[in-house]
Amino acid sequence: MRRLLREIDIPPLWLAIAAAAIWGVARIWPVMLPGARPVGGALIALGLLLTAVAGGQMLWRRTSPIPRRVPRVMLDSGAFALSRNPIYLSDAIMLTGWMLWSGGIWGAPVVALFMLWITRRYILPEEAEIARRFGPAFDTYRAKVRRWL
């Protein structure tokens, strides 16, 4: 049972939970801002594109996009020159897009909580492992590229 829980404890699960919470907020307190649907749709598309680019880079370099796996290489170009965590960034962008598209503007704190949770649950341990594995190269990268944007 513990192994199953560990296997399903992945960022897409938390993304789905946050999206469902935003949907719930939109059903209870709907606020549709003018132009929110096209902007929200564009943000969702941008997030999907960023995920595809960053995921493609990871696959191309033969390193796993799955959290808690030991990275084979340190990525520092392409999407990873924009953010140290472009896939988590794309999740936050898509949640923001979903919030606008669904009329769940009061769900903005959910986006912030999602980012905080992901940082503590995944990013900090991942960065500790990358620092351990790649040492000074990661220190240089970390000094140049911000965690989110």
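Quick caveat, the model's predicted, so the values are computed rather than measured.
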Rounded to the nearest 0.5 Å, what separation is found between the [atom1] atom of [X] and the [atom2] atom of [Y]?
| X | Y | atom1 | atom2 | result |
| --- | --- | --- | --- | --- |
| Ile28 | Trp106 | CD1 | CH2 | 13.5 Å |
| Ser90 | Leu46 | OG | CG | 8.5 Å |
| Leu48 | Leu43 | CG | CG | 11.0 Å |
| Leu95 | Leu100 | CG | CG | 11.0 Å |
| Leu89 | Ser83 | CG | OG | 5.0 Å |
| Thr51 | Leu15 | OG1 | CG | 8.5 Å |

State yes or no: do [X] and [Y] share one hydrophobic cluster built from I, L, V, M, F, W and Y residues joined by side-chain heavy-atom distances below 4.5 Å, directly or via other members?
| X | Y | value |
| --- | --- | --- |
| Val31 | Ile22 | yes |
| Met94 | Val53 | no |
| Val70 | Met74 | no |
| Leu124 | Phe138 | no |
| Leu33 | Ile93 | yes |

Which atoms form the tightest heavy-atom contact between Thr119 and Pro125, and what is the distance?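 That closest heavy-atom pairing would be O-CD, 4.4 Å.
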
Checklist entry - What are the two closest heavy atoms between Ala54 and Ile87, and how far apart are they? => result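 Result for this residue pair: CB-CG1, 3.6 Å.
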
Review point. Can a donor-acceptor pair be found between the side chains of Trp14 and Tyr122 at a distance below 3.5 Å?
Key: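 Yes, because at least one side-chain N or O of Trp14 sits under 3.5 Å from a partner of the opposite role on Tyr122.
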
More than 12 heavy atoms of other residues, nucleotides or ligands under 6.0 Å from CH2 of Trp23: yes or no?
no

Residue pairs passing the salt bridge (Lys or Arg N to Asp or Glu O under 4.0 Å) test with at least one member in residues 60-74, sequence neighbours excluded, are Asp9-Arg68

Quick note, salt bridge (Lys or Arg N to Asp or Glu O under 4.0 Å) partners involving residues 128-138, not counting sequence neighbours, are Glu129-Arg132

Donor-acceptor pair, [X] side chain versus [Y] backbone, under 3.5 Å?
| X | Y | result |
| --- | --- | --- |
| Gln57 | Ser77 | yes |
| Trp98 | Ala19 | yes |
| Asn85 | Trp148 | no |
| Thr63 | Met58 | no |

*Worked verdict on Val73 versus Leu75 for side-chain contact (heavy atoms from CB on, under 4.5 Å)*: CA-CA 6 Å; Val73 297; Leu75 300 171; 4.1 Å; yes

Are [X] and [Y] close enough that some pair of their side-chain heavy atoms sits under 4.5 Å apart?
| X | Y | answer |
| --- | --- | --- |
| Pro11 | Pro67 | yes |
| Val111 | Leu113 | no |
| Glu127 | Arg147 | yes |

**Study point:** ring-ring contact (aromatic ring centres under 6.0 Å, His included): pairs with one or both residues in residues 40-96, sequence neighbours excluded
**Key:**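 ring-ring contact (aromatic ring centres under 6.0 Å, His included) check on residues 40-96 returns no pairs.
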
